[in-house]
Protein chains: 2
Amino acid sequence: MGKRERLVEAAVNLAYRQGYTRTTIADIARESGVPLGNVYYYFKTKDDIATAILDHHKGQFESLKAELAALPSPKARLVAFVNKTVGNAGEIALRGCPAGSLSAELLKAGDKAAVEAFPLLAAPMEWMAEQFGEMGHSDDVEALALQLQSSLQGGSLLAQNARNPELLAREGARLKMWINGL
Amino acid sequence: MGKRERLVEAAVNLAYRQGYTRTTIADIARESGVPLGNVYYYFKTKDDIATAILDHHKGQFESLKAELAALPSPKARLVAFVNKTVGNAGEIALRGCPAGSLSAELLKAGDKAAVEAFPLLAAPMEWMAEQFGEMGHSDDVEALALQLQSSLQGGSLLAQNARNPELLAREGARLKMWINGL
DNA sequence: GTCTATACAAGGATAGAC
DNA sequence: GTCTATCCTTGTATAGAC
């Protein structure tokens with residue numbers, strides 16, 4: 001694996017585990033086995049690393065979308081999305097939702113990269129709206145997507161706050177029933 | 001107002017605006033008009049300031065609870081709680097929920113004060129469960145509280161991500177209808 | 001209790017040899 | 001492209017006079 005990739009991977013993991021602000025370039029260098037000075041050949045500033053982390057997450061969602069596209073129905077795809085989140089409940093209870101916690105941190109910090117955080121939560125929500133559309137809900141698709149994404153993000157935050165994956169699991173179970181009943 | 005109070009107020013505001021990690025003791029000293037060295041007479045370490053910030057927020061919720069207790073019915077109290085949140089949607093769209101964003105940040109940072117963040121989101125949820133109980137929902141009160149708190153926290157996060165208060169306002173409107181229909 | 005000066009460490013970033 | 005040494009700034013914290 002190329003150095004740049006290793007650096008990005010280390011940055012993504014460290015930012016998720018410790019938060020982006022607390023993650024130092026030296027941390028990233030150490031974890032990826034790249035000498036400190038060499039990091040600056042790939043990233044001029046720490047802000048450039050934030051951008052790379054965000055791009056990584058955007059790519060992750062694109063992959064997930066492609067994976068879910070193989071499923072036969074929009075309902076099945078939505079349920080699978082919820083299952084994916086609930087499947088990570090253990091880690092989410094410790095560190096929060098990878099996308100949600102990063103978005104919140106960068107936006108509060110007012111980093112230059114902050115504006116680029118928008119798609120982290122908006123892209124999944126758009127995709128959800130599409131799925132609801134295919135289910136025949138012509139006008140209120142955005143409201144339904146908002147409702148689903150809110151509950152998942154909120155459930156993740158509450159699970160983290162209580163350090164208890166069950167909170168997210170319970171929200172997930174409720175949401176799946178709700179989706180199936182629509 | 002005493003110096004300690006001024007320090008705490010400045011710390012609360014700065015941590016909300018910039019995040020706790022990015023807020024320096026010098027920031028707090030400047031904003032409260034207390035010389036840097038003098039801060040350490042009131043707080044031995046920055047971690048002690050985190051504790052004070054958390055205590056402040058806990059007190060805020062206790063006040064709100066007392067205020068809402070004057071309302072005639074549990075339903076009215078829950079609706080008023082939602083209204084309170086929606087009323088802050090403008091600021092929440094910029095900086096997130098004061099309680100939720102702080103909890104997330106401290107928990108991820110793994111600060112010593114992190115454990116004390118639990119009541120920030122748990123106390124309101126407990127209170128919600130009580131209200132649902134008074135409405136006659138004997139067994140599923142925790143599930144209902146989880147649902148309400150999830151949606152509010154998620155709505156806050158999404159509003160912040162999109163820098164758009166409307167997302168929270170819409171969730172709030174839906175939740176009020178839902179409460180009234182229970 | 002208050003405040004100035006400062007110690008000390010850490011972090012982002014660069015210089016410059018290879 | 002790579003890597004060591006180091007600059008410079010900032011941030012927490014303390015010393016010690018008042």
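Under the 3.5 Å distance criterion, with hydrogens and angles disregarded, a donor-acceptor pair is assigned to the side chains of B/Asp27 and B/Thr24.
For the salt bridge (Lys or Arg N to Asp or Glu O under 4.0 Å) test, residues two or more places apart in sequence or in another chain that qualify with A/Glu62 are A/Lys65.
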Every protein N/O lying under 3.5 Å from an N/O of nucleotides 9-13 of chain C:
| residue | atom | partner | partner atom | Å |
| --- | --- | --- | --- | --- |
| C/dG12 | OP1 | A/Lys46 | NZ | 3.4 |
| C/dG12 | OP2 | A/Ile25 | N | 2.9 |
| C/dA13 | OP2 | A/Lys46 | N | 2.9 |
| C/dA13 | N7 | A/Tyr40 | OH | 3.2 |

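The distance from atom OH of B/Tyr41 to atom C1' of C/dT4 is 18 Å, rounded to the nearest whole Å. Atom CG of A/Asn38 and atom P of C/dC18 are 17 Å apart (whole Å). B/Arg30 has its CZ atom 16 Å from the P atom of C/dC3, to the nearest Å. Atoms OH (A/Tyr42) and C1' (D/dC3) sit 12 Å apart, rounded to a whole Å.
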Step-by-step salt bridge (charged side-chain N to carboxylate O under 4.0 Å, His left out) determination, B/Glu130 to B/Arg77: CA-CA 11 Å; B/Glu130 276 173 39; B/Arg77 289 191 283 276; over 6 Å; no
*asked:* Set out, in order, the CA-CA distance, both residues' side-chain angles and the distance that settles salt bridge (charged side-chain N to carboxylate O under 4.0 Å, His left out) for B/Lys108 and A/Glu105, then state yes or no.
replied: CA-CA 10 Å; B/Lys108 179 152 300 199; A/Glu105 185 181 2; 5.9 Å; no
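A salt bridge links A/Arg174 with A/Glu171: the closest approach of a Lys/Arg side-chain nitrogen to an acidic carboxylate oxygen falls below 4.0 angstrom.
Within the 4.0 angstrom heavy-atom criterion, no nucleotide atom of any strand lies near B/Phe43.
OP1 or OP2 of C/dG1 has not a single side-chain nitrogen or oxygen of B/Lys3 nearer than 4.0 Å.
In B/Glu142, the CD atom is not crowded: 12 or fewer heavy atoms of neighbouring residues, nucleotides or ligands sit closer than 6.0 Å.
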